[in-house]
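One structure is given below, encoded as structure tokens.
Counting starts at 1 for both ligands and their atoms, in listed order.
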Amino acid sequence: MSKPKLTLSIDVSRSRPWSGIVWHHSASPDGAARDWDAIRRYHTSYRIDGNIVAADEYKRRQVIGAGQSFQPPWSDIAYHGGTEWVNGQVVFNWGRPLSQIGAHAGVKGASNIYNTDYLGLCAVGDFDKAPPKPEHWEFNLQLTRAFMEAFHIPASHVIGHWEVFDRLGVPRQKSCPGKCWDVGLFRSEL
Ligand SMILES: [Zn+2]
């Protein structure tokens, strides 16, 4: 396995004092080209039941209650960064600025602390179906170590999204970052 290379410049002086990291998956296939921009477009659009809709359709359907889940646009992609395969190489994409709280790990009625205090990172792919490939796994470890070093984050504060629910003592609402992503193993390799 050839080691993927990661060069990252983290400006701690322009960041919130992050005390942990929450890992996510996109729960969608990782295409050959860059998927990150489509995820950003999705998060910054009006959405009904997981589909992008125009603003006028959103407002019309909201009035008559035609839909289950109504999500107005977020200011930016939910995460601070993410990883994916682009043209046969694993790459890192920056998300929202490190000075901004995330929109990735809030639990309605329980707590928003994992958005305000923990960085959100997302690996593109559906890891409910298969684990990350070795190169992607290794790259995610490297990325995590870089943020741990910059913000003095202990490995115990690197968690998978589903662990947010456990730590808050509420029922698990997600399998994110995927049933095949062993977060305990990931932590042990940091
Ligand atoms: Zn998640």
Worksheet item: Looking at residues at least two apart in the chain, or sitting in another chain, which of them share a ring-ring contact (aromatic ring centres under 6.0 Å, His included) with Y58?
Response: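 For Y58, the residues satisfying ring-ring contact (aromatic ring centres under 6.0 Å, His included) (neighbours in sequence not counted) are Y46, F70.
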Discussion item. I need the protein N, O or S atoms closer than 2.8 Å to the Zn ion (ligand 1), given as residue plus atom name.
Written reply: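 Correct list: H24 ND1, H161 ND1, C176 SG.
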Worksheet item: Any idea how Y79 and H24 line up, ring-wise: parallel (<30°), tilted (30 to 60°), or perpendicular (>60°)?
Response: tilted
Less than 4.5 Å apart, side chain to side chain, heavy atoms only: is that true for [X] and [Y]?
X    : Y   : answer
D35  : S28 : no
W36  : V91 : no
H157 : I21 : no

Discussion item. Among T144, N140, T83, exactly one meets side chain to side chain donor-acceptor pair (under 3.5 Å) together with W23. Which residue is that?
Written reply: T144
